[in-house]
2 protein chains.
Amino acid sequence: MSTQSPRRKRATVHDVAIEAGVSRGTVSRVVNGERYVSDEARAAIEAAIVKVGYVPNTAARNLVMQRTQAVAFIVHEPGPLFVEDPNIGEILLGANATLSAADYQMTILVVDSERDTERVARFLRGGFVDGLIMVSARTDDPITRVIEQLELPAAFVGHPPGLTAAWVGIDNRGSARAVTERLVATGRRHIGMIAAALDRDSGVDRLQGFTDALGDRFRSDLVESVPLYSYSAGVDGMRALLARRPEIDGVFAASDAVAAGAIEALREAGRSIPDDVGVVGFDDSAWARRTHPGLSTVRQPAAGLGRAAAESVLAQLGGEQPLVDGIMVETAIVWRESA
Amino acid sequence: MSTQSPRRKRATVHDVAIEAGVSRGTVSRVVNGERYVSDEARAAIEAAIVKVGYVPNTAARNLVMQRTQAVAFIVHEPGPLFVEDPNIGEILLGANATLSAADYQMTILVVDSERDTERVARFLRGGFVDGLIMVSARTDDPITRVIEQLELPAAFVGHPPGLTAAWVGIDNRGSARAVTERLVATGRRHIGMIAAALDRDSGVDRLQGFTDALGDRFRSDLVESVPLYSYSAGVDGMRALLARRPEIDGVFAASDAVAAGAIEALREAGRSIPDDVGVVGFDDSAWARRTHPGLSTVRQPAAGLGRAAAESVLAQLGGEQPLVDGIMVETAIVWRESA
DNA sequence: TTGTACGCGTTATCAC
DNA sequence: GTGATAACGCGTACAA
């Protein structure tokens, strides 16, 4: 009467061997495409494999081979932002393309709670993956510390201060400086910034680049700091800036999403862009092409970052020492109408 | 002279046993928190564990336990769209929350090429996961067919025609009908639709709901079909509709991203919203709050879908039979200014 | 070219 | 309470 699950036991090498009338060793050789197998044995085994429906058990193979052909891609964003950040998707696809070409399975792990942190740590330590890529690490991150202890080939995208592992990134500071200089060059007198994510290297470096560009024109009350690279943070930041310094005529937003929010707030306030206020962003994400007017911004080669991170992990897997200085991927500035 | 990797061999249960002067069996009991271990033995073993730095090897455990405490979440979107679709992120977070609470590790797998399909199939068959959630399956999908053969507890989000596995979804047809009726009720005479993704159930059902609402007012040349739920597809679709039927005064876009694109095209054409043309969308994604005017749309409980899918997989893992009819999650209509 | 036997690191089942 | 010992499914020297 009990509705027992009818899932039959999976076929093993042993079953195939019996079916084909050979030994397990020979079956194993055929499965792994080795030489020194007679044609007749190979044929018999291949027939037996389909007949019994044999599929190699990866757990067993991992155990004896001591590797998994899998690399983790760890995402640690506060819930909703994961969804909003266009860069992560691009980085991820770039990394997957490179790993896939090398026949590695990329498994994305999202860390979204205290509980996740511990479970992911166990997962990584337990030999589920041969290496890992970590994106958007923060300085005070429990998971970041865990990873550093791990002795697993790793590559970070971005470099939290104090990190000793390999990393890839862009020159946030220089790029921020370059894009801000445009505002200076076009004669703006009161240039502000909506800084974001100052708990990460990217946020800090972009702010630093901004101050570099302004030199002694820098005024700290023209900087508003918001927690996240998000649209709504941009709206809030711009409103605050307008309230405090209504004469503002140029603004560097720490990301395109922030810039889009800022543009919305400027529109509310009746300012025209770029006539009243010039706006520049950062990322050249989909946001930049959808604002009115189009947003001048820094093109960040997100897919390239993913590829570079994957290559670093693969190199370490191949026995190479990680480059301690990190790898910089080139950016470019894209001029549109907003400044 | 060779820079040999200094990674020392990982400690095993065996090493702990020797260090603590007990047998492997007793160590295993302590590690798994079983009873019937003397306090002194437990203390000695716990000390030994930290001393030798023991961490359980998951591959070995999986092999003997025949389960992994991991569930795959498979995403199969054409590259860039993965990034654009806000629903996927929400679904993913909802699923992760539920799986995490049950102590399952969710591993996201992206299928982005032919090669990915095969590798993921091997991965799934190889015993890396105990179950899987599949999102945005398409009818003619190789990976979908592979999964159906798999005999692994699975739940689909959305239901491609002919699918026999468990699924969760929303009433796309009824919701599309309800939101379209608003256009009818407000006296629009020439109501069109930008249909999208007609290779999926969601795309087809939304179109069907639209025709339901219009009844004999339906005109096939007021429907434009675009391939993807994307912003740029919305721009193209609206332009085509305007060119063919300039008198159009209402439009149902198959998703908010499409609607945002449509609004952009209407703006180009100098039409005002909602005065000249009423627009409604679908999803209540972030797009809906960023258009001008705000978009009337269908709220899709994406996180709830993720949770429901995860619960289905967990139930199957617990031995229950999957519900063949699928599970519907409720939607709601959100009225804003666009219609 | 093929078969045998051992080891990978755990958990589970027994006796003790 | 505890300790042998047998699986779990596979790769691979080594012998034949």
Side-chain angles (χ1 to χ4, degrees), chain A residues 7-46 48-49 52-70 122-130, chain B residues 7-46 48-49 52-70 122-130:
Chain A
R7 182 135 79 250
R8 63 196 178 288
K9 212 168 140 308
R10 294 173 43 143
T12 72
V13 168
H14 182 74
D15 303 324
V16 176
I18 293 187
E19 178 67 30
V22 298
S23 78
R24 305 205 300 262
T26 307
V27 173
S28 183
R29 281 174 212 121
V30 169
V31 170
N32 297 328
E34 286 176 28
R35 284 168 312 188
Y36 303 122
V37 178
S38 67
D39 291 347
E40 52 184 338
R42 185 180 301 276
I45 290 170
E46 280 167 351
I49 285 178
V52 303
Y54 169 72
V55 168
N57 179 315
T58 322
R61 172 177 282 165
N62 291 346
L63 184 59
V64 58
M65 302 285 276
Q66 302 289 54
R67 63 204 172 84
T68 61
Q69 291 288 104
R122 283 206 310 273
F123 186 86
L124 295 173
R125 275 198 282 258
F128 257 98
V129 295
D130 297 336
Chain B
R7 182 134 80 248
R8 64 198 176 287
K9 212 169 141 308
R10 293 173 44 144
T12 71
V13 167
H14 183 73
D15 302 325
V16 176
I18 293 187
E19 178 68 31
V22 297
S23 77
R24 304 203 303 262
T26 308
V27 173
S28 182
R29 281 174 211 121
V30 169
V31 170
N32 297 328
E34 287 176 28
R35 284 169 311 189
Y36 304 122
V37 179
S38 69
D39 290 348
E40 53 185 336
R42 184 180 301 276
I45 289 169
E46 280 167 351
I49 284 178
V52 304
Y54 169 73
V55 169
N57 178 316
T58 322
R61 172 176 284 168
N62 292 347
L63 182 58
V64 58
M65 303 281 277
Q66 302 288 51
R67 64 204 172 86
T68 61
Q69 292 288 104
R122 284 207 310 273
F123 186 87
L124 295 172
R125 276 198 281 258
F128 258 98
V129 296
D130 297 336

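The structure displayed is predicted, hence computed values, not measured ones. Residue numbering restarts at 1 for every chain, and letters A, B, ... go by the order of the sequence lines.
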What is the nucleic acid contact for A:A59, judged by heavy atoms within less than 4.0 Å: base, sugar-phosphate only, or nothing?
->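 Here A:A59 touches no strand at all.
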
Which distance, rounded to the nearest 0.5 Å, do you find between the [atom1] of [X] and the [atom2] of [Y]?
X	Y	atom1	atom2	value
B:T68	B:F128	OG1	CZ	9.5 Å
A:D130	A:M65	CG	CE	10.5 Å
A:I18	A:T12	CD1	OG1	8.0 Å
B:Q69	B:T58	CD	OG1	11.0 Å
A:R10	A:Y54	CZ	OH	8.5 Å

Which letter, B, S or -, goes with each nucleotide of nucleotides 9-16 of chain C from 5' to 3', with contact meaning a protein heavy atom under 4.0 Å?
-> BBSBB---

To the nearest Å, how far apart are [X] [atom1] and [N] [atom2]?
X	N	atom1	atom2	answer
A:N62	D:dC8	CG	C1'	14 Å
A:R35	C:dT1	CZ	P	10 Å
A:I45	C:dT1	CD1	P	13 Å
B:R125	D:dG9	CZ	C1'	18 Å

Can you give me every donor-acceptor pair (side chain of residues 26-36 of chain B, partner residue at least two apart or in another chain, under 3.5 Å) with its distance?
residue: B:T26; atom: OG1; partner: B:S23; partner atom: OG; Å: 3.4
residue: B:T26; atom: OG1; partner: B:R29; partner atom: NH1; Å: 3.4
residue: B:N32; atom: OD1; partner: B:R61; partner atom: NH2; Å: 3.2
residue: B:N32; atom: ND2; partner: B:S28; partner atom: O; Å: 3.4

Side-chain N or O of B:S23 less than 4.0 angstrom from OP1 or OP2 on D:dA4?
->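 No, because none of the side-chain N or O atoms of B:S23 sits under 4.0 Å from OP1 or OP2 of D:dA4.
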
